[in-house]
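Keep in mind that what you see is a predicted model, and the values were worked out from it rather than measured.
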Amino acid sequence: MYDLTVRHRALILLEQGHSISDVSRRTGASRSAIREWRLRTEQGRDLYGTPYQPCPRCSPIPRAPEPKSSYAYLLGLYLGDGCISPVSDPAKQVWALRIVCANAWPGLIEECVTAVRAARPGNKVRVIPKIGCVEVNSHSRHWPCLFPQHGPGKKHERKIELRQWQQEIADEFAEDFIRGLLHSDGCRFVNRVRRPLKNEDRWYEYPRYNFANVSRDIQRLFTGALDRLGIAWTQMNEKNISVAKREAVARLDEFVGPKY
């Protein structure tokens, strides 16, 4: 029985054109095992025998995940309410993508499931009930490839930067990226303001968006995407960013709108 590290290395060597005998000498795996691993991939199955979907970032020429719009949305969800953690024994190099969604927004849960499934079509997506929320969960060896921001500790306690290929997707599909961020750490609500007058108080109501995240890096990613679309914003405090101007709110309403 060989661990996943040996099996992954063997497949990479085969993809590079090495013979089965050469791969066997380099990895220490038997030729019969290597033949079986190669056969599984040729049949469209992974090392566990389940349907196999090549990782776009692990291919000989790395490419962007497709569809890019779904990935941009999922990236926003991950940066807000997502995490990646090892499944069972870390040596197996299988990871769980976990995104928490409130029960109050069933439409958001459905969109999250769709986006996760689009990123890794051959992997099962689970919706695990929690108190007041659900955890959208999917296992794959390649989540750290798709979300290299993964690391130990909380996001706001470490540097969060997009890789160049991620930034290109976030720029091209800025609407989807913003929507994911707002669906995770944002909201749309009606703000009420009281103006005292001489004879009586007058109340004004207007819609606004609010984005709340402790990480300054993630805040900058959000405001950078807003700037790209020409949407005005205001830094309310260390944690909150507001979009309140009528034209800016109307622009967000075109592709975000209230949660549902």
Side-chain angles (χ1 to χ4, degrees), residues 65-85 95-121 123-140 143 146-147 149-150 154-156 160 162 166 169-170 172-191 207-215 218-219 221-226 228-229 231 233 236 239-244 248-260:
E66 296 287 352
K68 294 179 182 178
S69 58
S70 294
Y71 177 80
Y73 176 72
L74 184 59
L75 176 60
L77 291 179
Y78 164 74
L79 291 175
D81 286 329
C83 70
I84 295 172
S85 58
W95 302 85
L97 172 66
R98 310 175 194 272
I99 298 178
V100 177
C101 303
N103 288 336
W105 320 118
L108 192 157
I109 297 171
E110 183 178 345
E111 286 199 56
C112 179
V113 170
T114 300
V116 172
R117 185 170 289 125
R120 297 297 298 154
N123 296 75
K124 183 177 180 180
V125 182
R126 307 163 188 81
V127 179
I128 303 172
K130 304 287 184 179
I131 299 176
C133 63
V134 300
E135 177 188 292
V136 178
N137 178 305
S138 181
H139 296 178
S140 173
W143 289 126
L146 298 177
F147 299 102
Q149 289 68 39
H150 162 67
K154 300 176 181 178
K155 295 192 190 81
H156 69 274
I160 299 293
L162 298 186
Q166 290 180 299
I169 293 175
E172 183 179 358
F173 297 91
E175 292 184 356
D176 299 282
F177 182 52
I178 291 170
R179 192 162 184 261
L181 287 167
L182 285 172
H183 275 185
S184 59
D185 279 341
C187 64
R188 183 191 189 276
F189 64 98
V190 175
N191 196 42
R208 68 188 295 179
Y209 285 84
N210 187 76
F211 178 75
N213 194 295
V214 179
S215 169
I218 295 176
Q219 289 180 29
L221 292 174
F222 177 66
T223 58
L226 292 176
R228 184 170 181 80
L229 297 181
I231 298 174
W233 55 273
M236 300 297 292
K239 180 181 177 181
N240 291 276
I241 294 166
S242 171
V243 175
V249 171
R251 182 71 178 90
L252 285 180
D253 281 345
E254 292 176 5
F255 60 91
V256 181
K259 294 181 182 180
Y260 62 98

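N213 has its side chain out of reach of F222: every pair of non-hydrogen atoms, C-beta onward, lies at least 4.5 Å apart. In this structure, the side chains of Y78 and V116 stay at 4.5 Å or more apart for every pair of heavy atoms. Side-chain contact between V136 and C101: present, with at least one pair of heavy atoms (C-beta onward) separated by less than 4.5 Å. Two residues are said to be in side-chain contact when any heavy atoms from C-beta on lie closer than 4.5 Å; L146 and S140 fail this criterion. For the pair F255 and I178, the minimum side-chain heavy-atom distance is below 4.5 Å. Residues K155 and V214 fail the side-chain proximity criterion, which asks for heavy atoms closer than 4.5 Å. Considering only heavy atoms from C-beta on, L252 comes within 4.5 Å of L226 through its side chain. Side-chain contact check for F147 versus L74: some heavy-atom pair is nearer than 4.5 Å.
Applying the salt bridge (charged side-chain N to carboxylate O under 4.0 Å, His left out) test to R251 and every residue at least two apart in sequence or in another chain returns E175, E254. Listed by chain and number, the residues in a ring-ring contact (aromatic ring centres under 6.0 Å, His included) with W233 amount to none (sequence neighbours excluded). Shown here are the ring-ring contact (aromatic ring centres under 6.0 Å, His included) partners of Y209, two or more places apart in sequence or in another chain: there are none. Residues passing the ring-ring contact (aromatic ring centres under 6.0 Å, His included) test with F173, sequence neighbours excluded: none.
The stretch residues 108-118 participates, sequence neighbours left out, in these side chain to side chain donor-acceptor pair (under 3.5 Å) pairs: E111-R179, E111-Y260.
Here the CG-OG distance, from L97 to S85, works out to 9.0 Å after rounding to the nearest 0.5 Å. Distance check: D176 CG to L181 CG gives 11.0 Å after rounding to the nearest 0.5 Å. Note that the CG atom of D81 and the CG atom of D185 stand 5.0 Å from one another [nearest 0.5 Å].
Looking only at distances, no side-chain donor or acceptor of W95 sits under 3.5 Å from a matching main-chain atom of S138.
Shortest non-hydrogen contact noted between H150 and I84 is CE1-O, 3.1 Å. For the pair G180 and L77, the tightest heavy-atom approach, listed with the atom from each and the gap, is O-CD2, 3.5 Å. For the pair A248 and I231, the tightest heavy-atom approach, listed with the atom from each and the gap, is CB-CG2, 3.7 Å. Here the closest heavy-atom approach between residue L182 and residue K259 is recorded as O-CE, 3.4 Å. The two residues S184 and G76 make their nearest non-hydrogen contact at OG-O, 3.4 Å. Of all heavy-atom pairs between I169 and P65, the closest is CD1-CD, 4.0 Å.
For K239 and F211, the positive end is not near the middle of the six-membered ring at less than 6.0 Å and at most 45° from its axis.
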Give every donor-acceptor pair under 3.5 Å between a side-chain atom in residues 124-135 and any protein atom, sequence neighbours left out.
{"residue": "E135", "atom": "OE2", "partner": "R98", "partner atom": "NH1", "Å": "3.2"}
{"residue": "E135", "atom": "OE2", "partner": "N137", "partner atom": "ND2", "Å": "2.8"}

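Counting only N and O atoms by type, the side chains of R208 and S242 include a donor and acceptor under 3.5 Å apart. Q166 and Y71 form a side-chain donor-acceptor contact under 3.5 Å, judged by distance and modelled atom types alone.
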Query raised in the report: Could you go step by step and tell me if L162 and L75 meet the side-chain contact (heavy atoms from CB on, under 4.5 Å) rule?
Result: CA-CA 10 Å; L162 298 186; L75 176 60; 4.0 Å; yes
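Aromatic rings of Y73 and H183 (six-membered ring for Trp) have centroids within the 6.0 Å cut-off, being under it.
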